[in-house]
Structures are given as C-alpha cells and as structure tokens.
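All remarks here apply to the structure that follows.
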Amino acid sequence: MKEKLLEIFNRLYERFGPQHWWPAKTRDEVVIGAILTQNTAWKNVENALDNLKDNGLLELKKLYKMDTETIKELIKPAGFFNQKAEYLKNISKFFVENRGFEELSKLDTKALRQKLLNVKGVGKETADSILLYAFEKPISVVDAYTKRLVKRHKLCECSNYDEIQNLFMENLPLDEELFNEYHALIVKLAKEFCRKKPICNGCPLEGI
DNA sequence: CACCAGGAATGTA
DNA sequence: TACATTCATGGT
C-alpha cells in the first residue's frame, strides 16, 4: 500500500508539477478561504475574497469586529452566506481570543485540531485544511475527491473520514510538504479529469 | 432544465 | 452509528 500511494503521488506530481497550495498570501486568508470554500466552487470563493479584500476585511481581527450583516453581503458569491458569515465570526473570534497563530502553534497538533473542531462551522476537513495549510502541520486532508479516488482504485473498503485519513497517514512519511502537494494534486486531478467517469482520456492514473 | 462545487450542522431512526 | 435534509450562488 505504501508503494501504491507513492506511485499515485509520483504520477500526479510528474503530470501536474507542484501546486504550491494554499492559493493565498496570508494565513488569515487561508482560514477565511477554508470556511468559504465549503461545498463551493473556488471561483465563487475568489469573488467573495475579493469583496472582503476591497473592504479591508481579509483579516480575522477585522472580521471579528465587523457586523454580520455586512459580511453576509460581501461573501454572497460564495453561497450559504447566512451560515458562512456566522462561521467566519466564530473562527475569527476563536483566533482573537486565543492570541493568534503564534500562541496556537505552541499546542500539539491533536489538541489544536480538537480546539478547531469545537468552533461551530469547522468540521474535520476544514480543521485539517487549516492545520496543514495555515499551521503547516503534517496532516492528511480528506475531501470528496479523495474519497472518490480511494473508492475507484480500491485502496481500502472504507468510506468514512477517519479511516481514509489514517490510510494516508499510516502509509506515507509524515511530511508536511508531501501532504500539502498530495491533497492539492488530487484536487487538480479532479478538475482536469475523471469528474464523471472512472476512466478518462489521458488520465495520469491509468493502470493503477 | 438539472446538476455540481476544495462541507457542516441538525434531525431522525 | 448511519443516513437524510438544509443551506445558496454561479458555472456547465
């Protein structure tokens, strides 16, 4: 299995090259984007992020102080704006009350993950995305594409989040850069190929 | 027109 | 524990 997961990674990396995720300048932007992209096309998230940036709100501290109604209007392009505005308030409050990234980085990954999960609006995938791309912790992010990949290539019988995450983390070196690229490459693969059919013309994973 | 996109919370059995 | 429903905009 170790060889299999590495072969998949190598093929994706050879085809697409490094993805340099997360597509954001600041860690605040990673966190905000992680909330906004929940079940939403990234293009729509970009529009919402631009709106926030134009109003100087692409910072957790600023969002913490801004009224929810204003946030709703600005993030509308990302959909689910009623709940996402509330979630952004929750996560920004969390970072302000915990003195930001520096202090939170002192916690071990497991404890930090649990604290993130306690924030209403942060589920497992969002928490792990923040841990990997904002805190640079070596952790596997499992999204719908990852589940589909595992199922199609029969990497294991499982379908729930924890089992698939363990599959990757127990069979790969715990390297932050590896998990960073692996998740980004799976998303890249999904966008380029295999959205509807298991086998697509030119798919880099043919034969695996 | 239907369907989906870098999910999570809530309710039901 | 395992599903079903709800949330909402914008592209295909």
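Letters go in sequence order (proteins before strands), and every chain restarts at 1. Because only heavy atoms are used, hydrogens play no part in the values below, and waters and symmetry mates are left out as well, while side chains stay in.
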| query | Is the aromatic ring of A:Trp42 within stacking range of B:dG6, meaning centres under 5.5 angstrom and planes under 30 degrees? | reply | yes
| Going through the checks in order, is the side-chain contact (heavy atoms from CB on, under 4.5 Å) test met by A:Leu104 and A:Phe94? | CA-CA 10 Å; A:Leu104 288 168; A:Phe94 170 79; 3.8 Å; yes
Shared hydrophobic cluster, [X] / [Y] (ILVMFWY, side-chain heavy atoms < 4.5 Å):
X        : Y        : result
A:Ile91  : A:Phe80  : no
A:Val142 : A:Ile186 : yes
A:Leu117 : A:Val30  : no
A:Val96  : A:Leu60  : no
A:Phe179 : A:Phe9   : yes

| Got a sec? Which of residues 124-144 of chain A come in under 4.0 Å of DNA chain C, heavy atoms? | none
| message | Assuming nearest nucleotide by heavy-atom distance, tell me which of A:His183 and A:Lys120 is located more 5' along DNA chain B. | response | A:His183
| message | Quick one, A:Glu103 with A:Asn98, criterion side-chain contact (heavy atoms from CB on, under 4.5 Å). Give me CA distance, side-chain angles, the key distance, then yes/no. | response | CA-CA 7 Å; A:Glu103 283 301 315; A:Asn98 286 279; 5.9 Å; no
Let me know the distance between [atom1] of [X] and [atom2] of [N], rounded to the nearest Å.
X        : N     : atom1 : atom2 : value
A:Leu88  : B:dA9 : CG    : P     : 13 Å
A:Leu185 : B:dG6 : CG    : P     : 15 Å
A:Glu86  : B:dA9 : CD    : C1'   : 10 Å
A:Ile91  : B:dA8 : CD1   : C1'   : 13 Å
A:Asn90  : B:dA8 : CG    : C1'   : 12 Å

| said: The criterion is side-chain hydrogen bond (donor to acceptor under 3.5 Å, both in side chains); which residues satisfy it with A:Glu7, sequence neighbours excluded? | reply: A:Arg11
| message | Run the side-chain hydrogen bond (donor to acceptor under 3.5 Å, both in side chains) test against A:Ser92 and tell me which residues pass, sequence neighbours left out. | response | none
Let me have the donor-acceptor pairs involving side chains of residues 31-41 of chain A, under 3.5 Å, with sequence neighbours excluded, atom names and distances please.
| unit_1 | atom_1 | unit_2 | atom_2 | d |
| --- | --- | --- | --- | --- |
| A:Thr37 | OG1 | A:Thr40 | O | 3.4 |
| A:Gln38 | NE2 | A:Gly121 | O | 2.9 |
| A:Gln38 | NE2 | A:Thr126 | OG1 | 3.0 |
| A:Thr40 | OG1 | A:Gln38 | O | 2.9 |
| A:Thr40 | OG1 | A:Ala78 | O | 3.2 |
| A:Thr40 | OG1 | A:Lys84 | NZ | 2.7 |

| request: Specify whether A:Phe135 and A:Phe101 have parallel, tilted or perpendicular ring planes, treating 30° as the upper limit for parallel and 60° as the lower limit for perpendicular. | output: tilted
For [N] and [M], measure between their [atom1] atoms and round to the nearest Å.
N      : M      : atom1 : result
B:dC3  : C:dT5  : P     : 14 Å
C:dA8  : B:dT10 : P     : 14 Å
C:dG10 : B:dA8  : P     : 22 Å
B:dC4  : C:dA4  : P     : 15 Å
B:dG6  : C:dT6  : P     : 23 Å

| said: For A:Trp42, give me all partners under ring-ring contact (aromatic ring centres under 6.0 Å, His included), at least two apart in sequence or on another chain. | reply: A:Trp22
| query | Which residues pass the ring-ring contact (aromatic ring centres under 6.0 Å, His included) test with A:Phe168, sequence neighbours left out? | reply | A:Tyr182
| query | Just by distance, with hydrogens left out, do A:Tyr161 and A:Asp128 show a side-chain donor and acceptor under 3.5 Å apart? | reply | yes
| field | DNA chain B contacts made by residues 164-176 of chain A, counting heavy atoms under 4.0 Å | value | none
| request: May I ask you to list the residues of residues 15-28 of chain A, by number, that have any heavy atom positioned under 4.0 Å from an atom of DNA chain B? | output: A:Trp21, A:Trp22, A:Pro23
| task | Tell me whether the guanidinium CZ or amine NZ of A:Lys76 lies under 6.0 angstrom from the six-membered ring centre of A:Phe81 and within 45° of its axis. | result | yes
| query | Under 3.5 Å, is there a donor-acceptor pair between the side chain of A:Lys2 and the main chain of A:Glu170? | reply | yes
| query | When you measure from the side chain of A:Lys188 to the backbone N and O of A:Gln19, does any donor-acceptor pair fall under 3.5 Å? | reply | no
| query | Nucleotide by nucleotide, 5' to 3', does protein get under 4.0 Å of the base (B), only the sugar-phosphate (S), or neither (-) in nucleotides 7-12 of chain C, counting heavy atoms? | reply | BBBS--
| field | Selection residues 58-70 of chain A - residue pairs positive for salt bridge (Lys or Arg N to Asp or Glu O under 4.0 Å), sequence neighbours left out | value | A:Glu59-A:Lys62, A:Glu69-A:Lys72
For nucleotides 11-13 of chain B, print each protein N/O atom paired with a nucleotide N/O atom at under 3.5 Å, atom names and distance only.
none

Look for any protein N or O under 3.5 Å of an N or O in nucleotides 2-5 of chain C and output each such pair with its distance, or none.
none

| said: Between the side chains of A:Glu102 and A:Arg99, is the shortest nitrogen-to-carboxylate-oxygen separation below 4.0 Å, so that they form an ion pair? | reply: no
| said: Over all strands shown, is A:Val45 touching base, sugar-phosphate only, or nothing at heavy-atom distances under 4.0 angstrom? | reply: nothing
